[in-house]
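Sequence positions, counted from 1, serve as the residue numbers for this chain.
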Amino acid sequence: MKKPSLLSFCGEDFRFLCRPATAHFLEVEVKRAPVARLEPSRCDNLDEKSALVNKFRKHITDDRLSGELNVETTVPFGAECKIKRSISCFDRFALVTADFFPGGDARRIELDPAHFPGPWTRARFKVFGQNEQEMSLGADKQTLYSGASPILYLELEGEGRHVEIGIAGDLWRHTASGERGEFAIEGNAEGISLRRVPWVAAEGAEPDRRPKRFRYYLAWRGAEKITSSAAALPGAPEGEDVFRRNAAGETLPEVCWKSAGGRRHLRNIVRRTKGSLCLALGEPGVCFDAAHLERPNKVLLQHTDMDDYLEFYCWANRHLAKDGAALTLAPAAPRTALINLSLAPRQIE
């Protein structure tokens, strides 16, 4: 059977398009206008646009609240890198997991270069280890950021359109190359580009053929009216290993929702709930407690719990929808992804 060249998910006001091994591998449209275009990855100097498509499948849940794309490609040159992607999509969100399998002496992986067609008026972003920055965008092209530290999130705002892209949990993988990593945000009001090179082999190092995984999310929104709901505090889960730790190993007051106790606590709340629910979980953040990743041989390993917010939101709404109810999360900051979590999900197709 011939593989399709295009698969998509559609919501009330958006389309999420996937075209493997093409210039616009992933594309998001809001009200028929593109807000994000992602190119295929690059392994060394070889572009995934020349790859062979081994698998391309779509699945959607019976309740039509979420769906998944499975894409496998192989670049038949050089290191013959195989790339497997699992793309979860639900209303106003996509969560991308990309697994790279270098077949030879791969030295560099550039992850899905992204371009965001304007017009945009404002950019907000946060680099790991730095404070959040906010900039107005005009006609002059500029480099908003260029460096070795990864970008936790980038949010762009225009009239009636918002988009955000960010690291989905696995911060330690994006920092593994240290000063060899390459990350940049460039452009102007007419368009912003994001470059991510999370893995670069050390000079003179032996070939590293181990699989490499990277996760990121996309969030988008039109001009929906945002209404606030009374939010309940979830309370603190039991146990000392549920709180965030900083780089010095000191315990912080915020709960890390990636911790096993934190995830269990939230799901138990939903299972006991009758009707709709709005929770105030605070803002996703960085934590260094390796126990939250079930890595017993390490003490500190940097991660975020952003993907846990997304996965809990999706799971809880599928659970509550059976009784006609919904979960929303009170936004702790005026970011697109967090505002989206404060909205009840709509069905997709």
query = Can you list the steps and then say if L277 with I269 is a side-chain contact (heavy atoms from CB on, under 4.5 Å)?
reply = CA-CA 10 Å; L277 176 66; I269 291 174; 3.9 Å; yes
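- Taking all atoms of both residues into account, the shortest heavy-atom contact from F90 to L310 is CZ-O, 3.9 Å.
- For F183, the ring-ring contact (aromatic ring centres under 6.0 Å, His included) criterion is met by no residue, not counting sequence neighbours.
- One distance of note links NE2 of H292 with OG1 of T304; it measures 13.0 Å at 0.5 Å rounding.
- Put simply, the side chain of E164 never gets that close to the backbone of A219: no donor and acceptor are under 3.5 Å apart.
- Put simply, the side chain of S177 gets close to the backbone of V200: a donor and an acceptor are under 3.5 Å apart.
- In this structure, F125 and M135 have side chains that are in contact, with non-hydrogen atoms separated by less than 4.5 Å.
- The structure places OG1 of T175 at 7.5 Å from CG of L301, a figure rounded to the nearest 0.5 Å.
- In terms of heavy atoms, G262 sits closest to P237 at CA-CG, 3.9 Å.
- Here NE2 of H59 is found 9.5 Å from CG of N70. Values are rounded to the nearest 0.5 Å.
- Closest non-hydrogen pair, G285 versus R244, comes out as N-NH2, 3.1 Å.
- Residues V127 and S149 are in side-chain contact: their nearest non-hydrogen atoms beyond the backbone lie under 4.5 Å apart.
- Proximity of a side-chain donor or acceptor of D44 to a complementary backbone N or O of L46 within less than 3.5 Å is not detected.
- Between E349 and R64 a salt bridge is recorded (basic side-chain N to carboxylate O distance below 4.0 Å).
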Criterion salt bridge (Lys or Arg N to Asp or Glu O under 4.0 Å) on E186 and K141, from CA distance to verdict = CA-CA 7 Å; E186 301 173 324; K141 290 188 176 182; over 6 Å; no
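- In terms of heavy-atom proximity, L338 sits nearest to A332 at CD1-N, 4.5 Å.
- At least one side-chain heavy atom of W120 sits less than 4.5 Å from a side-chain heavy atom of V35.
- Side chains of I167 and P150 form a contact here, defined as non-hydrogen atoms less than 4.5 Å apart.
- The existence of a salt bridge linking K322 and D63 is excluded, since no basic side-chain nitrogen approaches an acidic carboxylate oxygen closer than 4.0 Å.
- To the nearest 0.5 angstrom, T73 atom OG1 is 11.0 Å from K84 atom NZ.
- Looking at heavy atoms from C-beta onward, S276 lies out of side-chain contact with L320 at the 4.5 angstrom threshold.
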Criterion salt bridge (Lys or Arg N to Asp or Glu O under 4.0 Å) on D91 and R346, from CA distance to verdict = CA-CA 6 Å; D91 189 27; R346 304 164 296 183; 2.8 Å; yes
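- Considering every non-hydrogen atom in both P345 and L327, the closest pair reads CD-O, 4.4 Å.
- The shortest distance between side-chain heavy atoms of L65 and C314 does not fall below 4.5 Å.
- Side-chain atoms of T121 come within 3.5 Å of backbone atoms of E157 as a donor-acceptor pair (strictly under, hydrogens ignored).
- The environment of R210 atom CZ is sparse: at most 12 non-hydrogen atoms of other residues, nucleotides or ligands sit within 6.0 angstrom.
- A salt bridge does not link R263 to D305: none of the charged side-chain nitrogens sits closer than 4.0 Å to a carboxylate oxygen.
- For an aromatic pair to be called close, the ring centres must be under 6.0 Å apart, and W257 with F312 fails this.
- Grouping the Ile, Leu, Val, Met, Phe, Trp and Tyr side chains by contacts below 4.5 angstrom, directly or via other members, places I165 with L137.
- Applying the ring-ring contact (aromatic ring centres under 6.0 Å, His included) test to every pair with at least one member in residues 151-174, sequence neighbours left out, gives these pairs: H174-F214.
- With respect to E72 and K82, no salt bridge is recorded, no charged nitrogen being found less than 4.0 Å from a carboxylate O.
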Evaluation steps, side-chain contact (heavy atoms from CB on, under 4.5 Å), between E68 and R57 = CA-CA 8 Å; E68 186 170 335; R57 297 175 184 169; over 6 Å; no
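- Between R19 and E27 there is a salt bridge, since a side-chain N of the basic residue sits under 4.0 Å from a carboxylate O of the acidic one.
- Looking at N188, its side chain does come within 3.5 Å of a backbone N or O of A139 through a donor-acceptor pair.
- For R42 (side chain) and V197 (main-chain N/O), no donor-acceptor pair under 3.5 Å exists by modelled atom type.
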task = Kindly indicate, with the supporting measurements, whether the criterion side-chain contact (heavy atoms from CB on, under 4.5 Å) is fulfilled by D112 and Y216.
result = CA-CA 10 Å; D112 301 349; Y216 65 92; 2.6 Å; yes
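- Look at E48 and R85 and you find a salt bridge, because one of the NZ, NE, NH1 or NH2 atoms lies within 4.0 Å of a carboxylate O, short of that distance.
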Working for salt bridge (Lys or Arg N to Asp or Glu O under 4.0 Å), residues E283 and K126 = CA-CA 13 Å; E283 188 173 1; K126 184 174 176 60; over 6 Å; no
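- Between Y217 and A168, the shortest heavy-atom contact is N-CB, 4.1 Å.
- The pair R213-D170 fails the salt-bridge criterion, with no side-chain N (NZ, NE, NH1 or NH2) lying under 4.0 Å from an Asp/Glu carboxylate O.
- A continuous path of Ile, Leu, Val, Met, Phe, Trp and Tyr side chains, each step under 4.5 Å between heavy atoms, connects L341 with L152, placing both in one hydrophobic cluster.
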